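Input: a single structure, listed below in structure tokens.
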Amino acid sequence: MLRPILNGLLDLVAPVCCPGCDHALEWGERGFCSACAPLLDRLPPGPALYAFGGPLADAVRRFKYASRLDLVEPLAALLVHAAPLHAGKVDAVVPLPLHPSRLRERGFDQTALLAAPLAAALGVPLDTRRLRRIRPTPPQASLAEAQREANVRGAFEATRDETRRRVLLLDDVRTTGATLRSAAGPLHRAGASQVRLMALAGVVEGRLPVARGSHL
């Protein structure tokens, strides 16, 4: 009873904005607005949940590059909605880590922030120490497809864990899958019996909804 009242008071002080268009939502509304929500392009079953484009791409860019941490909740809610697909099948959620230099530059690890509500929904630990990025790499999207495997080869190392062997490896945006595959190898070598891959969004040619306008 108290939570709705507090949410209502917060809406008055700092109106909640749509992650996609950044316009204030109607009273009590959460998540993407009625104009942006239909433009979220849900993908067939696979590692990525949505096509990276339109309002979702705007939201992810705003979150990552404009430090809009208020967007963690609505973006993570999309992951939590898909959590039942992995329920009872994983022992830990491992976010794909940033290199320490990138973490210092950005000030937060966007994938770890998104992973926390997902781990809570699955009732398993969020493990941010098991996987480390040991060398910095240019963003995958800036490279030709042939260069992407080489770019992330040997970029990760993992700590051995024989107890939580079924891992859900999470990324925010999947480009070709090279980064997730590069990170899965060390996890397997460090004791993981299964590594399930998951990303909020994926770059898919021909499936990019028209954006309502980027705010970055």
Side-chain angles (χ1 to χ4, degrees), residues 2-87 93-98 106-124 126 128 141 168-175 197-204 207-216:
L2 181 59
R3 186 177 182 86
I5 295 173
L6 291 175
N7 285 339
L9 292 173
L10 287 174
D11 288 352
L12 286 174
V13 175
V16 178
C17 294
C18 169
C21 62
D22 212 26
H23 293 158
L25 295 173
E26 298 294 330
W27 173 272
E29 197 175 10
R30 288 291 185 275
F32 287 80
C33 70
S34 58
C36 288
L39 299 178
L40 300 184
D41 190 1
R42 184 67 188 263
L43 295 174
L49 300 181
Y50 295 89
F52 183 72
L56 182 58
D58 285 343
V60 170
R61 293 188 189 105
R62 194 176 293 116
F63 167 43
K64 291 172 65 171
Y65 305 123
S67 302
R68 287 287 300 277
L69 300 187
D70 57 305
L71 301 185
V72 171
E73 182 178 350
L75 290 175
L78 299 176
L79 294 169
V80 170
H81 184 70
L85 295 172
H86 304 283
V93 174
V94 175
L96 199 72
L98 293 176
R106 183 167 295 166
F108 62 94
D109 185 327
Q110 75 279 352
T111 306
L113 292 178
L114 294 174
L118 176 62
L122 290 169
V124 299
L126 170 66
T128 59
L168 179 57
L169 178 62
L170 179 71
D171 198 3
D172 58 343
V173 179
R174 178 183 184 271
T175 308
L197 307 180
M198 187 178 188
L200 172 61
V203 176
V204 183
R207 291 182 61 89
L208 298 183
V210 177
R212 290 168 56 97
S214 175
H215 297 267
L216 295 180

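The figures here come from the full heavy-atom set of this structure, side chains too, leaving out hydrogens, waters and symmetry mates. Positions are given from 1, in the same order as the sequence printed here. Quick caveat: nothing in here was measured; it's all calculated off a predicted structure.
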Measure from NZ or CZ of R68 to the centre of the six-membered ring of F63 and say whether it is under 6.0 Å with the direction within 45° of the ring axis.
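Judged by the rule, R68 and F63 form no cation-pi pair.
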Test salt bridge (charged side-chain N to carboxylate O under 4.0 Å, His left out) applied to D172 - qualifying residues, sequence neighbours left out
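So D172 forms a salt bridge (charged side-chain N to carboxylate O under 4.0 Å, His left out) with K64.
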So how far is it from [X] [atom1] to [Y] [atom2], rounded to the nearest 0.5 Å?
X	Y	atom1	atom2	value
L75	L69	CG	CG	11.0 Å
L98	R106	CG	CZ	5.5 Å
L49	L40	CG	CG	11.0 Å
L126	L118	CG	CG	9.0 Å
E73	L113	CD	CG	13.0 Å
C36	H23	SG	NE2	8.5 Å

Walk me through whether M198 and L169 qualify under side-chain contact (heavy atoms from CB on, under 4.5 Å).
CA-CA 6 Å; M198 187 178 188; L169 178 62; over 6 Å; no
Going by side chain to side chain contact (heavy atoms under 4.5 Å, CB included), name the residues that satisfy it together with A37, two or more places apart in sequence or in a different chain.
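For A37, the residues satisfying side chain to side chain contact (heavy atoms under 4.5 Å, CB included) (neighbours in sequence not counted) are F32.
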Mind checking what makes side chain to side chain contact (heavy atoms under 4.5 Å, CB included) contact with P47, not counting sequence neighbours?
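Per chain and number, P47 pairs via side chain to side chain contact (heavy atoms under 4.5 Å, CB included) with R174, L197.
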Run the numbers on L200 and V173 for side-chain contact (heavy atoms from CB on, under 4.5 Å), then give the verdict.
CA-CA 6 Å; L200 172 61; V173 179; over 6 Å; no
Side chains of L170 and L79: does their closest heavy-atom pair fall under 4.5 Å?
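L170 vs L79: side chains touch.
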Please report the shortest heavy-atom distance between [X] and [Y], naming the atom on each side.
X	Y	answer
A76	P117	CB-CG, 3.6 Å
P84	V80	CD-O, 3.8 Å
A115	V93	CB-CG1, 3.9 Å
D58	G20	CB-O, 3.6 Å
P19	L71	CA-CD2, 3.8 Å
L56	Y50	CD2-CB, 3.4 Å

Steps toward side-chain contact (heavy atoms from CB on, under 4.5 Å) verdict (Q110, Y65)
CA-CA 10 Å; Q110 75 279 352; Y65 305 123; over 6 Å; no
